[in-house]
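In this text, all values refer to a predicted model and were calculated from it rather than measured experimentally. Whatever order the structure lists ligands and atoms in, that order sets their numbers, starting from 1.
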Amino acid sequence: MVIGSGISGLFVALEARKLGPVIVLTKGSIDDCNTRWAQGGIAAAVGPLDSPEQHLADTIAAGDGLVDEHAARVLCSEAPARIRDLIEYGVAFDSLGGEVALGREAAHSHSRILHAGGDRTGAQIETALTAAVADPLITVLDYTLATRLLVENGRLAGVEAVALQTGARELYETSNVVLATGGAGRMFTYTTNPDVATGDGIALGFEAGAEIADIEFYQFHPTALHVAGAPPFLISEAVRGEGAILRNAAGEAFMSRYHELRDLAPRDVVARAIVSEMRKAGAEAVFLDCTGLKSVDLAARFPAIYAFCKGVGIDMRTTPIPVAPAAHYLMGGVRTDIWGRTTVEGLYACGEVACTGVHGANRLASNSLMETVVFGKRVVEHLESGAGGAAKPDPAATPLERPAGAAPGHQAVQQMMWECAGIERDAAGLRAGLAQVESWKPNAHPVGREDHERRQMAVLASLMLTAALKRTESRGGHYRHDFPTRDDLHWKKQQVWKRDA
Ligand SMILES: Cc1cc2nc3c(=O)[nH]c(=O)nc-3n(C[C@H](O)[C@H](O)[C@H](O)COP(=O)(O)OP(=O)(O)OC[C@H]3O[C@@H](n4cnc5c(N)ncnc54)[C@H](O)[C@@H]3O)c2cc1C
């Protein structure tokens with residue numbers, strides 16, 4: 001059984017059908033997932049001058065001292081073969097003059113980003129995989145929410161779920177489950193993620209006894225559209241890669257004051273610079289100015305961004321785009337080994353819900369889509385081998401109690417997390433957030449999707465706040481006002497959490 005129908009869930013289902021029938025549970029429609037919105041592309045060292053070693057070096061540098069080198073080596077060396085698998089499943093990557101077209105993104109030393117449909121890579125992948133899973137061996141149960149993982153004698157035994165359209169509670173007895181539930185952007189007020197991204201899989205895994213790691217590391221994307229009444233649609237870094245410039249409310253190009261790489265500085269640096277400029281001006285946004293890019297056909301190079309901006313009355317060719325940072329990508333999650341095994345036998349995780357260690361404290365752009373398929377393939381190889389077992393538990397894992405209550409509502413938890421555990425954090429804010437979580441009352445008989453999500457969001461909030469409070473340094477996606485520098489002496493290590501038995 002697979003939980004989730006983004007790239008990781010569908011890819012695992014396709015690979016696993018050779019072992020027998022596969023059921024995919026998904027809480028919305030099949031294509032309601034983060035994958036559908038991915039723009040830039042998927043990273044693989046397939047260019048003539050590139051190599052997996054150089055991809056690895058860039059991945060390690062981006063992760064700010066915490067990348068698991070072994071896992072990252074797996075990622076970078078197996079990436080080219082997984083591109084071939086995606087092509088076989090029908091993904092048509094863009095090409096130029098008969099060769100695959102390779103884009104370049106910040107912190108990559110080579111052009112190694114494959115894309116499809118221009119900036120519609122995720123949608124193209126999701127469409128191709130959705131068509132491929134129309135197979136008698138794969139049953140997709142949409143609008144079906146997984147609510148609990150059942151564990152017997154330390155081994156996975158089944159899944160409890162709710163069929164959302166009828167309200168019927170379902171029980172599936174199964175000994176192998178792959179969590180592919182994606183990220184958690186909806187824990188925050190402003191996010192590029194769709195509303196299914198409430199981090200359910202992390203709470204499900206934690207409650208089942210699986211270890212959770214790196215949960216304090218969250219990536220905020222610096223440039224999401226900021227227009228009243230419109231969702232914070234992602235304005236890809238590739239737009240700055242083409243030469244677009246960030247300007248503050250006074251029209252000043254400010255990034256040279258913050259980093260030598262200016263507009264292409266690391267994402268966390270750009271996000272904090274924008275927050276600082278917004279704060280100084282008392283403004284809610286800064287502006288991404290593409291009006292000087294006369295040699296780029298913006299409508300052709302960025303069709304999705306161009307169309308979305310046009311839809312809200314902004315022609316990016318002539319008008320600077322109002323942008324502000326938004327929650328984007330969760331580096332941490334359910335801890336796995338390089339075979340996707342969690343610390344609970346029979347429970348696997350892959351994709352954004354998992355923490356394989358390849359991102360460390362910060363993700364290298366476009367490694368996330370690749371991580372889903374590299375480790376998804378390995379999950380199935382491991383199942384096929386019949387070796388069983390679980391990931392080795394971390395002896396230093398810290399027991400944590402599950403909070404007694406449920407979030408009072410999505411907006412309340414999002415606002416608390418945005419204010420207390422957002423782009424800039426400090427002890428007072430994190431403690432205030434934890435105090436709120438402790439005051440939340442249980443929802444005794446959760447019925448629909450919202451009720452269950454509120455319960456799971458409380459678990460995730462508690463994990464994120466606790467881990468962020470404990471890490472008294474700044475590193476990657478975790479920035480503390482009160483501890484603004486990286487502290488390798490005490491913190492060049494992962495924090496791992498497990499449920500207090
Ligand atoms: C706007 C945007 C742009 C991005 N651009 C890029 C990019 O260019 N390159 C890149 O590498 N990455 C990019 N990313 C990140 C990347 O898209 C994601 O990390 C990746 O798609 C995650 O895939 P996934 O299969 O793990 O999760 P998802 O695609 O999010 O799928 C999760 C699935 O789980 C289901 N689910 C969740 N909870 C439950 C539950 N309790 N019960 C049943 N089903 C459940 C959801 O409904 C969904 O079907 C981007 C992300 C966003 C939001």
If hydrogens are left out, which of [options] has an atom nearest to [atom], that is, the closest non-hydrogen atom?
atom	options	result
atom 28 (P) of ligand 1	V159, I125, N34	N34
atom 36 (N) of ligand 1	T181, I42, L25, L179	T181
atom 8 (O) of ligand 1	G40, G9, S8, A365	G40

Side chains of F188 and Q414, heavy atoms from C-beta outward: is any pair under 4.5 Å?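 No, their side chains stay 4.5 Å or more apart.
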
Can you find a heavy atom in the side chain of T139 that is under 4.5 Å from one in the side chain of P21?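 In short, these two side chains do not touch, never coming nearer than 4.5 Å.
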
Can you tell me if [X] uses its side chain to pair, donor with acceptor, with the backbone of [Y] under 3.5 Å?
X	Y	result
D119	A304	yes
H108	A365	yes
T342	L347	yes

Tell me, which protein residue and heavy-atom name are nearest [atom], and how many Å apart are they?
atom	value
atom 14 (N) of ligand 1	R363 NH1, 4.0 Å
atom 38 (N) of ligand 1	D200 OD2, 3.4 Å
atom 9 (N) of ligand 1	G41 O, 2.7 Å
atom 1 (C) of ligand 1	W37 O, 3.5 Å
atom 29 (O) of ligand 1	T35 OG1, 2.5 Å
atom 51 (C) of ligand 1	H328 CE1, 3.7 Å
atom 6 (C) of ligand 1	A38 CB, 3.5 Å
atom 35 (C) of ligand 1	G4 CA, 3.6 Å

Please determine if [X] has a nitrogen or oxygen closer than 3.5 Å to a nitrogen or oxygen of ligand 1.
X	value
L369	yes
K27	yes
I7	yes
N193	no
T372	no

Do [X] and [Y] have side-chain atoms, one donor and one acceptor, less than 3.5 Å apart?
X	Y	answer
E211	T343	no
H328	T192	yes
D200	T181	no
E371	T356	yes

Once you restrict to heavy atoms under 4.0 Å, what part of [X] touches ligand 1? Side chain, backbone, both or neither.
X	answer
I30	neither
E352	both
A180	backbone

Ligand-residue contact atoms, ligand 1 with [X], heavy atoms, under 4.0 Å:
X	value
G6	25 (O), 29 (O), 31 (O), 33 (C), 49 (O)
D32	46 (C), 47 (O), 48 (C), 49 (O)
G182	26 (O), 27 (O), 30 (O), 32 (C)
T26	35 (C), 43 (C), 44 (N), 47 (O), 49 (O)
Y329	19 (O)
S368	10 (C), 11 (O), 12 (N), 13 (C), 15 (C), 19 (O)
A146	40 (C), 41 (N), 42 (N), 43 (C)
T144	42 (N), 43 (C)

Check for me whether S366 has a heavy atom closer than 4.0 Å to any atom of ligand 1.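 Contact present.
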
Before you tell me yes or no, could you show the steps for K377 and E78 under salt bridge (Lys or Arg N to Asp or Glu O under 4.0 Å), namely the whole-Å CA-CA distance, both residues' side-chain angles and the distance that decides it to 0.1 Å? CA-CA 10 Å; K377 181 92 171 187; E78 295 180 11; over 6 Å; no

Over 60° means perpendicular and under 30° means parallel, so tell me whether F220 and W418 are parallel, tilted or perpendicular.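 Answer is perpendicular, since the angle exceeds 60°.
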
Please verify the inter-ring angle class for Y190 with H226; under 30° counts as parallel, over 60° as perpendicular, anything in between as tilted.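 Because their plane-to-plane angle lies in the 30° to 60° range, the rings of Y190 and H226 count as tilted.
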
Before accepting this row, confirm whether a basic side-chain N of the pair D195/R449 lies closer than 4.0 Å to the acidic partner's carboxylate O.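 Yes, this pair counts.
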
Is R73 salt-bridged to E69, cutoff N-O under 4.0 Å?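 The answer is yes: the pair qualifies as a salt bridge.
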
Just verifying a value: how many Å separate E453 CD and M187 CE, rounded to the nearest 0.5 Å?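 Interatomic distance, E453 CD to M187 CE, rounded to 0.5 Å: 11.0 Å.
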
Would you please name every residue forming a salt bridge (charged side-chain N to carboxylate O under 4.0 Å, His left out) with D263, sequence neighbours left out?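 Not a single residue meets the salt bridge (charged side-chain N to carboxylate O under 4.0 Å, His left out) criterion with D263.
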
